[in-house]
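In this text the structure is predicted, and so the values were computed from the model without any measurement. Positions are given from 1 along the sequence. First listed ligand is number 1; within each ligand, the first listed atom is number 1.
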Amino acid sequence: MIDIHTKIEDVVKVDSNMIGFFNKEKIDFCCNGYMTIADVAKEKNIDPIILVRKIQDKLDTSNSKEKEIIDLDDFKELRVGEMIDSILIDHHEKERNLLFEIDPLLNKILSVHFEHHGGDLIMLHSLFASLKKELEEHFIKEEKITFPLMLENEYPTKDLIREVEALEADHEKAGDLIKEMIELTDWFKAPKDACGTYIHTFDLLEELVKDVFVHIFKENSIMFEKYRGNGGK
Ligand SMILES: [Fe+2]
Ligand SMILES: [Fe+2]
């Protein structure tokens, strides 16, 4: 049972189908998953009771047919070291490949469709470049510094907690860039005169940002939470 004090991240922990719903409603379940339904309603200037009802309805009608291909239940049961391995394969590798694939395509559609869509595409190109830089540098920090330290230290030290908080701040920066991209393209809807490459590029961008949202959720709301729960020393 949920109420206005329920955190958005806890709704997703109960039912990962809700990720699709929150994406559609532009409700941030990853970087700001700690917000309650009341906080979100206030930000969106809507009645919190109506939002609770809407979320509850969606939970009640949620079924396995529309299940996102995200198995949070299995992930939640892993040890922190196993979570790290799973994130590296399922998200870092996948997102690096997507960034690598999208980069030249975005450049191509910017050139071909500059006449009719130059304004939006220039902005999107710039946001993507910032996101690419942010994510690539962030992945390296996790892989070379923070994750190895987490593996070495079963119990988090104060310094390590600060490292984790710095990663969460990076997530927020990436999340803000993504939100701007979503606003600009209305969830990557290609214009009517878009060619195949344009549509394909937008599909890949959508795939990338959906994956980043799940990736951030797993780190912030599950893995880091579990690691912090090991106590400090
Ligand atoms: Fe990561
Ligand atoms: Fe991260």
Side-chain angles (χ1 to χ4, degrees), residues 7-10 12-13 16 18-19 22-23 27-35 68-103 127-182 204-230 232:
K7 289 182 191 170
I8 298 296
E9 64 185 8
D10 290 334
V12 175
K13 281 184 200 170
S16 62
M18 296 304 286
I19 288 176
F22 287 137
N23 279 339
I27 293 174
D28 179 353
F29 67 91
C30 53
C31 303
N32 292 306
Y34 56 84
M35 286 172 83
E68 301 270 332
I69 312 159
I70 301 158
D71 201 344
L72 291 178
D73 291 340
D74 281 356
F75 185 79
K76 276 188 281 193
E77 300 309 318
L78 300 177
R79 287 182 296 111
V80 171
E82 294 168 328
M83 286 182 180
I84 288 176
D85 288 343
S86 149
I87 281 176
L88 296 183
I89 296 165
D90 293 341
H91 298 291
H92 286 210
E93 199 178 314
K94 178 178 177 180
E95 289 161 29
R96 274 197 179 103
N97 289 339
L98 281 165
L99 289 165
F100 183 76
E101 197 178 347
I102 292 166
D103 200 15
L127 287 166
F128 175 78
S130 304
L131 180 69
K132 184 170 182 288
K133 175 180 179 295
E134 183 66 39
L135 289 179
E136 285 173 348
E137 291 171 11
H138 175 80
F139 293 169
I140 290 294
K141 272 197 254 173
E142 290 185 334
E143 290 164 15
K144 302 284 185 198
I145 304 170
T146 318
F147 289 172
L149 284 171
M150 285 168 69
L151 291 173
E152 271 169 38
N153 297 273
E154 186 181 350
Y155 299 101
T157 60
K158 284 205 176 81
D159 283 348
L160 249 169
I161 295 279
R162 273 194 287 274
E163 291 278 349
V164 165
E165 284 168 355
L167 294 179
E168 287 174 332
D170 285 351
H171 292 164
E172 195 138 351
K173 273 190 252 164
D176 287 344
L177 290 165
I178 288 176
K179 281 172 207 161
E180 279 191 65
M181 292 166 87
I182 290 170
L204 290 176
L205 278 167
E206 183 173 359
E207 189 182 342
L208 172 72
V209 307
K210 282 184 171 171
D211 202 78
V212 172
F213 281 166
V214 173
H215 175 182
I216 292 177
F217 177 81
K218 283 184 182 171
E219 288 181 356
N220 281 10
S221 299
I222 302 179
M223 183 170 78
F224 293 156
E225 199 175 289
K226 189 164 198 168
Y227 185 61
R228 284 193 184 100
N230 284 342

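Among the backbone and side-chain atoms of His92, an N/O/S atom is found under 2.8 Å from the Fe ion (ligand 1). Residue contact annotation: His215 places an N/O/S atom under 2.8 Å from the Fe ion (ligand 1).
Of the inter-residue distances, the one linking Arg79 atom CZ with Leu151 atom CG reads 10.0 Å to the nearest 0.5 angstrom. With rounding to the nearest 0.5 angstrom, the CE atom of Met18 is 13.0 Å from the CG atom of Leu72.
With the Fe ion (ligand 2) as the vertex, atom NE2 of His138 and atom NE2 of His171 span an angle of 90° (nearest 10 degrees).
Distances from the Fe ion (ligand 1) to each N, O or S atom of Glu142 single out OE1 as the nearest. Taking the N/O/S atoms of Glu219 in turn, the shortest distance to the Fe ion (ligand 2) belongs to OE1.
Between Arg96 and Glu143 there is a salt bridge, since at least one side-chain N of the basic residue sits less than 4.0 Å from a carboxylate O of the acidic one. The residues Asp159 and Arg162 are annotated as salt-bridged, a charged nitrogen and a carboxylate oxygen being separated by less than 4.0 angstrom.
Side-chain contact annotation: Glu142 with His92, donor-acceptor N/O pair under 3.5 Å present.
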